[in-house]
Protein chains: 2
Amino acid sequence: MWEEILAKYFNEKGLKKSVKRKKFIDFFFKADKHFSVDELYEKLGKKVSRSTIYRTLKLLKECGLVIEQKFEEKNRRYEPLHLSYHHDHLICLKCGKIIEFNEKKIENIQKKVAEKYNFKMVFHKLEIYGYCEKCQKS
Amino acid sequence: MWEEILAKYFNEKGLKKSVKRKKFIDFFFKADKHFSVDELYEKLGKKVSRSTIYRTLKLLKECGLVIEQKFEEKNRRYEPLHLSYHHDHLICLKCGKIIEFNEKKIENIQKKVAEKYNFKMVFHKLEIYGYCEKCQKS
DNA sequence: ATGAAATTGAAATTCATTTTCAAAATATAA
DNA sequence: TTATATTTTGAAAATGAATTTCAATTTCAT
Ligand SMILES: [Mn+2]
Ligand SMILES: [Mn+2]
Ligand SMILES: [Zn+2]
Ligand SMILES: [Zn+2]
């Protein structure tokens, strides 16, 4: 799925499949988490430079395969979007664990709120911060 | 209300009431919007330095009179919280207009979602991005 | 294998925010 | 009021994540 989207995009833009890009993209889609650039840099054994990571993430953003998240941290996080299904996040303030959820009821009420203010919704973000099960105990 | 909280905080910390601080705080609470530091700097006729604005906002954050918002922009926005009532935001992608709303139903479902994942919610943020009434027409 | 075009990483740059520090303002005591 | 200790200020420097530059390297169609 994402391979096809990517192949199409690379073709259109005349991009080349380099060793570094492959290495990065393979890891990123396989791991399938919410990574910071630094984490990616470390996980790839520092074999792909931050410049290249930033640049490749930009490409993936452009073809809609990555969402850049600005959570309540200083640095951004990136998550692979295989199927572009929407979800929101529970984020642990202690360990950083991220739980994804999707609540149709909330989505529907959001639509009504937008309507009420004659506002044309394009996207939204809902983040719930607190403590995960583990961190409440310890 | 906020004057008392502030007075108490200043007293506890042994802070002094300077001309610049008064100027900034008076403007900020009277204007009552979601400002960036640059906007505040301009609105105050560049008579209060950015350093002092950042520093004073930090004080106000510490006594809970200001919320620092990280919207989908590079710079942060600050809003005075007179009564500390919670609300969420509709944000126009074209003109930057911010509409506040509070939907009890959403808040309740959020609590249920947190419970479902055994997550102890501390705070949340819900931002709906799109186009305001005016910007849809033009 | 050749050569044009794309990609790379290190270093430089950007830009919002924070920190430093010497001068100025403020509060308290004399 | 004046002296004195403490806090506050703004300019400039520092920080740090993200972006850009550029010369060297890699890719790929021929
Ligand atoms: Mn996610
Ligand atoms: Mn608000
Ligand atoms: Zn946790
Ligand atoms: Zn608008």
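Below, each value reflects all heavy atoms present in this structure, side chains not excepted, and no hydrogens, waters or symmetry copies. To find a chain, count down the sequence lines: A is the first, B the second, and so on, and within it residues start at 1.
- Put simply, CZ on A:Phe24 is 21 Å from P on D:dT26, counting in whole angstrom units.
- At a threshold of 4.0 angstrom between heavy atoms, the contacts of B:Lys46 with the nucleic acid are absent.
- The number of heavy-atom neighbours closer than 6.0 Å to NZ of B:Lys125, taken from other residues, nucleotides and ligands shown, is above 12.
- Look at CZ on A:Phe71: it is 18 Å from P on D:dA17, rounded to the nearest Å.
- Aromatic ring orientation, B:His34 versus B:Phe71: tilted (interplanar angle from 30° to 60°).
- For B:Lys22 and D:dT9, the NZ to C1' distance is 15 Å, given to the nearest whole Å.
- For the segment residues 6-18 of chain A, the set of residues with a heavy atom within less than 4.0 Å of an atom of DNA chain C comprises A:Gly14, A:Leu15, A:Lys16, A:Ser18, in numerical order.
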Kindly indicate, with the supporting measurements, whether the criterion salt bridge (Lys or Arg N to Asp or Glu O under 4.0 Å) is fulfilled by A:Arg77 and A:Glu39. CA-CA 10 Å; A:Arg77 289 191 174 272; A:Glu39 286 169 0; 3.1 Å; yes

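- Taking a cutoff of 4.0 Å between a charged side-chain nitrogen and a carboxylate oxygen, B:Lys111 and B:Glu115 do not qualify as a salt bridge.
- Within the structure, every side-chain polar atom (N or O) of B:Lys20 is placed at least 4.0 Å from both OP1 and OP2 of C:dA25.
- The distance between the ring centers of B:Phe35 and B:Phe27 falls below 6.0 angstrom.
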Using a cut-off of 4.0 Å between protein heavy atoms and nucleotide atoms, how would you tag nucleotides 11-22 of chain C 5' to 3' with B, S and -? B----SBBBB--

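- Checking side-chain atoms of A:Thr52 against main-chain N and O of A:Val48 turns up no donor-acceptor pair under 3.5 Å.
- Residues meeting the salt bridge (charged side-chain N to carboxylate O under 4.0 Å, His left out) test with A:Arg76, sequence neighbours left out: A:Glu68.
- Protein atom CG of B:Leu59 is 13 Å distant from nucleotide atom P of D:dT7, rounded to whole Å.
- Checked by atom type, the side-chain pair A:Glu127/A:His89 shows no donor-acceptor distance below 3.5 Å.
- Residue contacts shown for A:Lys70 are absent, as no nucleic acid heavy atom lies under 4.0 Å away.
- Listed here is the closest heavy atom pair of A:Cys63 and A:Leu6: SG-CD1, 3.9 Å.
- C:dA10 atom C1' lies 14 Å from atom CD1 of A:Ile53, rounded to whole Å.
- Residue A:Leu44 contributes atom CG, which lies 15 Å from atom C1' of C:dG9 at whole-angstrom precision.
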